[in-house]
Every structure is written in C-alpha cells, then in structure tokens.
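Here the structure is a predicted model, which is why all the values come from computation and not from measurement. Count residues from 1 along the sequence.
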Amino acid sequence: MRRVPRVVPWATTEEWEWAYAALYSGDADAQLRAVRRLKAWASRGKVPHAVESTGNLVEISLRDAGLLSALSDTELRLQYSMAFIRFVNGLIDQSQKGAFAGSATAVAESLGLPAWFVELRHGATHDKLPPLSLLRTGRTHALDWLHANYWAVQKSFVADATVKVHSLLREFKDAQKAALAVNAASASKAADGGQAAGGVRAADDAEKEIQRVLRGLDEVVSGDNFPDLVVPVMLSPGFLVPVAKRKRAQYGADGTPAGLPHQLAQLWWRFIDACEAAWQGFAEELVVAVVEFVASAAAAGEHDDHQPDEARPGEAAAGKDPRTSRSFVGTLAAWAVSIIEKLGGGEQPMDLARVARACLASPGVLSLHILDAAMSRDAELSSRIAPVRAFVEKRMRIEAALAHNLRSPEAAVAAAAAAVSVVKPSPDASSKKSASGKRGSKPRADPEAAASASPDTEAWDARNARLEAEMDAIRHRVQLAKNQHESDSVGRAAKRVKITPAADGQDAGEGTWTLLDADSAWQPCPIGCLPSGTVPQLDLPRELDDVAVALQAGVLQIPVGASSDALAPWHHTPADEPAVPDGVDAELPAAADGAQTRPRVRQDHFLDPMSLVLL
C-alpha cells in the first residue's frame, strides 16, 4: 500500500530550522517573527508540544520586556503561570502510559525535568501565584530545557542522519562498482571460454556489502523521513550525477537529454528499486524533487560547462554553483524520464498527475521534456493536459522571442508567429508516439489529412482563431512600441521643436511651447517653486483678510452659479457708496485720532471658504 505521509505544519526542514534559530537568537524582531510563524503553524494543524511551549514562553518574554504591550506585574504573573502549567502538564500527560496515572514527580524525573518545575507548576495551580522573579527564572530554565531536549536533538538528528546516509550511499556506490566490475570480468572470461579466478568469491563479497549497506540504511531511514534524508543526498554531486562531466548525459539536437548513460543506469537502478520496495512512493518523491531542482537551477541561471572534469578553473571563484551546470541538470532530467518510463506504469504506478503538476508549475525545456514522458505513460492524463502543455510551450517561445528580438520588432513578430503555429494532430498521433518510445520528438501531421480524419476539427479551428487573434494583438503592440521608439528618436534629435504653432500675426517667440536646447541654463525644480528652487511668497496683505475689504478691492469673487440667497449679502452698491454686507457693523467706531477702525465681520455670517474664489 502507498505510504501515508506524516503531516507537519512546517513546509520544509529549512523553515523549521529558521524558526529554531530565530526563537533563540536573542533578537526581539526575529523572535517576534518566529512567534507569528509558530501561530501560523498552529492554524495549519497540530504543533509539537515543545514547539508550542517555546512559542508561549518567548512571547510572554517579549511582553515582559514591554515590546508588545505594557502589562502589570499581576498580568505577567498570570501569563507566566499559565504558560508554565501547560508546559509541565503537557510533558507529563504525554508520558502517562499505564492504566493508572503515575506520580507527576516520578514522571518528571523519568523525563529529566527538574523537580522544582513540578513544584512551581503545583504552586501556580493550587497555591498563591509565585513571585515574578521566580517565574522569570523558571522561564529561562524551561527554555534551556526545551533547547537541550527538543530543538538541539531534532537538529542534530537530521544532521547526523544526513551524514550517515551520505556515507552509506558512498559505500553502496563502491560495492556496486565492484560487483559490476566482477560481472564484466566474468562475462569477458566466459566469452573467451574460461573462468575468472576468484570471480565467484569477489561477487559474493560485493553482494554481502550491498546487503549490509541496505540494512544499515533501513535502520536510519523510515517511510516518514526518506524525502528529507535520502532524496537530497541523491541529488548532490557524485551520486545520481557523476562528478566527471564526461560520464553525464549528453544533449540531443532538440535541446533535451538524449538518454541516460548505460553505466550510470547500472550503477544506481538497483538502489532505486530497493528504496521503492522498502518505501512506497520513493520514486515519485525523487522525480518531483528532480523537477523542482531543475526549475530552481533554471531560475538561478544555468551555465555551460565544457571541460570533462569537475575542477574547472575559475568556476568557484566566479560564484557558479556546479549543480546548476547544464550537464548536471540535464543528467537529472534524464534520470526523471528513465524512472517514469520504468516505474510510471504497472500495478502500483506513481502519481503521474502530481509529476505533471510539478512540471507545469515551473515550466521550462527540461520540465516539458519530463512532462512528455509522463504523458506518454498515461493516455488519460495526456488527453487532459495536452492543451495546457501546448499553451505553456507557446508562451515560453513567445517570451523567448520577444526577449531576444526586442530591438527588432519585425523579427519578434515573425518568431512569435512561428511559435504559436498550431498543427492539427491526427487521431493516432499519440499512440504512434507512445509506441515509438521517442520522447524528444513531437509528430507533425498534415493539416488537410487531420482536418478530414479528426473529429475535433471545429475545436481546433476555434483554437487557431483565438491564437490568430492573439497574434494580431501582439503585432499591434509591437507596432505601437516601434512608433513610440521612432517618435522618441525624432524628439531627441530636434534641438528646438515648436509644439504649438504660432497663430497668424503672432510672434513665434510668444505664446508658443518650445523645447529648450541641451545647453540651456534652465534647471528643473519642484512644482510650485521658482526656477531657483525657492518657494514663492504668495501671502496676501493682512487687510485683505477682511471679506468686505477683499470684495471692495476686487480680490474676492462669488462663484458663478451660487444661489441668490448666498449672493444677497455681497451685492455691490454704486461705487460712491461701498457695500457693507450682513454681519459687518454699519457704524464704524472712531479711533482716538478720529480715524475709523477696520470693519469687524461676524464669523457666523461668513460664506463657506470653499465657495470663494481668489483672483
């Protein structure tokens, strides 16, 4: 039966390691981000008790430091007490195995918990709240205990297990090489009519070594952790991909790997078969990991490698990862195709739909090559995703054409048109491709024959019409870009261009917009500033603050369209008798020297400032 995966709230081991490092970093910002990440884990599913307790204690520590919110001493004591009670009870309850509950002190002793942890938990539950200083001390010791008994143990287990798996795989490779050499020598002697001396004993010794390595691997790896332990090691240099580049897969004329080298396949197929027999789904996990690795290498930027050996001068100095070389990712893609061809069908086939989703999620030349292998093994899957695959390939070719021919719009249009040309397939095209077993070539059928033989002619015609419409849109966009480019070139070449022609009888230097010469002394400045960059002084004289004076001076106007009621208080009288609007005292008091003071306007009679227009 297929392996049921173990569900954990973190997506990858790296995410768990990041949370571990952030929680114990001592940096408040990093700790806060880690606490939020732990809460996100809790929303996904069950979180280990040690992880939950660490997050609770670290969050309360941040509150104690005043980083999240200010709390009183009583609130802090309550929060520390609850976190400590849950921490101790959660550990003890998990260890209660018998029919009757054991003593909390005895269980804590068996777990290595300090006895005063239990006493502090008992006091916070049944007695007076412990003092804040004691709770802070308990928090520090609890975090140290969790670090030593959970976080460090888990991290060291993954690291130690990875090192052990790496060593076992090297031992398997050496033993398998020895077995293949013995078999080759025996076959050569048998062809000559003789028998190799000691060949049987050497073959037995190599077989015993292989069996010992497989047993050791089974002791270290389980069905839950092989994706994190075995698969990453197999994708590293020296295992599925040889260190010597001359032993790797070669590329064909279509830009895809021509096939897996025979010696390389002999070296590792026995190991893959053994892992698939021990852990159902191993081959599927390996293929998906290869697809993701190929996509990440493409995103990082593949580089060509021409020398046959790994030690290429300047590669490390140039910052290039040897795992992103073209031959490295091509060999991994050849392995994925070979695994799909061998294990993609049968009584318990791998989930090819998952492989297809991984390929389409990160499309590329090699990803589509692997996808073609999966489609050839599953006719139903092929019929469902064939249109999606055609669209993805068309999009890739259009993007490549536009990227490489951006300076030549005509060439871009021609390349894009060639990329989206669709040929109607014949009904037996997929079956012929599956029977021939050629993964790299894609059959092309005669359009007229396909039109008469295919029952989906109308659907293909509609698809062609949509693609032609897309091409028209692309041509239009490219032409617009070309016109804009020409217009910008003309504008840069002209030294002085009249944007608005002068009217008849008007001086060409007045009332027209012109482009300044390159040697002009004008400098750009923010909107609203003078050419010198200073802000102009636009304040009106103080006497114009009086609405009546502003009206009399003609600085203030009533907007057109205002109601008659709104205009009534501001109507002008003849020039010899200035108007005094409502709200202004009609009789102006005299000052000490006999002069009249400024008119006073009652604020309740002012118009809405937004309705006034300053000239």
pair Pro242-Leu264: side-chain heavy atoms closer than 4.5 Å: yes

Short N-O contact, Arg354 and Glu284, less than 4.0 angstrom: yes

Please list, one pair per line, the donor and acceptor atoms closer than 3.5 Å that link side chains of residues 153-162 to other protein atoms, with sequence neighbours excluded.
residue	atom	partner	partner atom	Å
Ser156	OG	Ala152	O	2.9
Ser156	OG	Val153	O	2.9
Thr162	OG1	Val158	O	2.7

Gap between atom CD of Gln250 and atom OG of Ser327 - 0.5 Å precision: 8.0 Å

Criterion side-chain contact (heavy atoms from CB on, under 4.5 Å) on Val241 and Lys247, from CA distance to verdict: CA-CA 8 Å; Val241 182; Lys247 298 181 180 180; over 6 Å; no

side-chain contact (heavy atoms from CB on, under 4.5 Å) evaluation trace for Leu180 with Gln176: CA-CA 6 Å; Leu180 293 175; Gln176 183 68 2; 4.1 Å; yes

Donor-acceptor contact present, side-chain Ser43 to main-chain Ala40, <3.5 Å: yes

Separation of Tyr251 OH from Thr256 OG1 (nearest 0.5 Å): 9.0 Å

Residues in salt bridge (charged side-chain N to carboxylate O under 4.0 Å, His left out) contact with Arg384, at least two apart in sequence or another chain: none

Donor-acceptor contact below 3.5 Å, side chain Ser25 vs main chain Ala22: yes

Interatomic distance, Asn183 atom CG to Gln266 atom CD [nearest 0.5 angstrom]: 8.5 Å

Donor-acceptor contact present, side-chain Tyr24 to main-chain Leu143, <3.5 Å: yes

With Glu75 via salt bridge (charged side-chain N to carboxylate O under 4.0 Å, His left out) - residues at least two apart: none

Phe328 six-ring centre to Arg248 NZ/CZ under 6.0 Å and within 45° of normal: no

Arg86 atom CZ, neighbour heavy-atom count above 12 within 6.0 Å: no

Short side-chain to backbone donor-acceptor contact, Thr331 and Ala249, under 3.5 Å: yes

Worked check of ring pair (Phe, Tyr, Trp, His ring centres under 6.0 Å) between Trp145 and Tyr150: CA-CA 8 Å; Trp145 189 92; Tyr150 172 74; 9.8 Å; no

Results of side chain to side chain donor-acceptor pair (under 3.5 Å) for Glu209 - residues two or more places apart only: Arg212

Lys/Arg-Asp/Glu bridge criterion (N-O < 4.0 Å) met for Arg215, Glu219: no

Asp73: partners by side chain to side chain donor-acceptor pair (under 3.5 Å), with sequence neighbours left out: none

Closest non-hydrogen atom pair between Phe282 and Val231, with its separation: CE1-CG2, 4.2 Å

Qualifying salt bridge (Lys or Arg N to Asp or Glu O under 4.0 Å) pairs, either residue in residues 137-150, two or more places apart: Asp64-Arg139

More than 12 heavy atoms from other groups under 6.0 Å of NZ on Lys173: yes

Neighbour count >12 (heavy atoms, 6.0 Å) for atom NE2, His126: yes

Side chain to side chain contact (heavy atoms under 4.5 Å, CB included) partners for Leu129, two or more places apart: Arg77, Leu78, Ser81

Residue pairs involving residues 32-42 (criterion side chain to side chain donor-acceptor pair (under 3.5 Å); sequence neighbours excluded): Glu15-Arg37, Glu15-Trp41, Lys39-Glu59

Whether Trp16 side chain and Trp10 backbone form a donor-acceptor pair below 3.5 Å: no

Atom pair CG (Leu360) and OG (Ser367), whose distance is rounded to the nearest 0.5 Å: 9.0 Å

Closest non-hydrogen atom pair, Val220 against Asn225: O-ND2, 4.2 Å

Closest non-hydrogen atom pair, Tyr80 against Ile60: CE2-CG2, 3.5 Å

Polar side-chain atom of Ser236 near backbone of Val233 as donor-acceptor pair, under 3.5 Å: yes

Closest non-hydrogen atom pair, Trp279 against Ser222: NE1-C, 3.9 Å

Salt bridge (Lys or Arg N to Asp or Glu O under 4.0 Å) contacts touching residues 107-117 (sequence neighbours left out): none

Nearest heavy-atom neighbours spanning Val329 and Ala297: CG1-CB, 3.4 Å

Residues that His147 engages under side chain to side chain donor-acceptor pair (under 3.5 Å), provided they are two or more places apart: Tyr20

Separation between CD1 of Ile272 and CG of Leu267, rounded to the nearest 0.5 Å: 10.0 Å

With a 3.5 Å cut-off and sequence neighbours excluded, list the donor-acceptor pairs that the side chains of residues 110-125 form with protein atoms.
residue	atom	partner	partner atom	Å
Ser110	OG	Val107	O	2.5
Arg121	NE	Asn89	OD1	3.4
Thr125	OG1	Arg121	O	2.7

Asp218 side-chain N/O to Leu214 backbone N/O, donor-acceptor pair under 3.5 Å: no

Partners meeting side chain to side chain donor-acceptor pair (under 3.5 Å) with His166 (sequence neighbours left out): none

Closest contact, heavy atoms only, Leu23 versus Gln31: O-NE2, 3.1 Å

Donor-acceptor under 3.5 Å (Ser53 side chain, His49 main chain): yes

Phe271 and its side chain to side chain contact (heavy atoms under 4.5 Å, CB included) partner, picked from Val213, Leu240, Leu217, Ile210: Leu217

